[in-house]
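The analysis underlying the following values was restricted to heavy atoms, covering all of them including side chains, and did not include hydrogens, waters or symmetry mates.
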Amino acid sequence: MEGLKNIMEDAVEYQLKKLLPTMPQVCSCDNCKLDMMSYALNRLSPQYVRTDTGALFQKLNNYQPQAEVEILATVMSAINKIGSHPQHD
């Protein structure tokens, strides 16, 4: 349905963009990044919003220390898992 957005996608993508450049030994091709995002998003609670106000509120919530640590830990887990078992040659 158009008009819905999972704010968690933005948070996971942000962490991946921040972390992957610091890990040159991990493949960061588009396929691996999408696998990492899928892995992480399937382990985090979705945060769907419909309006810009709702999006802003959820993004602010994601900057709370507990939420930020959970997102970071899940993304690191995804990088480690997919990075050690990429689904390509």
Output the distance between atom CG (Leu56) and atom OG1 (Thr51), rounded to the nearest 0.5 Å. 9.5 Å
At what distance, to the nearest 0.5 angstrom, does OH of Tyr48 lie from CG of Leu4? 8.0 Å
How about His85: does its NE2 atom have over 12 heavy atoms from other parts shown lying under 6.0 Å from it? no
For the residue pair Leu19 and Met76, what are the closest heavy atoms and their distance? CD1-SD, 3.7 Å
Can you see which heavy atom on Val26 is nearest to which on Gly83, and at what distance? CG1-CA, 3.9 Å
Please tell me if the side chains of Thr74 and Val12 come closer than 4.5 Å, counting only heavy atoms from C-beta onward. no
Donor-acceptor contact below 3.5 Å, side chain Ser77 vs main chain Ala73: no
Joint cluster assignment, Met8 & Tyr14, ILVMFWY side-chain distance < 4.5 Å: no
Quick one: side-chain contact (heavy atoms from CB on, under 4.5 Å) partners of Lys5, sequence neighbours excluded? Ile7, Glu9, Asp10, Val49
Just list the side-chain donor-acceptor pairs under 3.5 Å for residues 27-46, sequence neighbours left out, or say none.
residue, atom, partner, partner atom, Å
Ser38, OG, Leu34, O, 3.0
Asn42, ND2, Ser38, O, 3.1
Arg43, NH1, Tyr39, O, 2.9

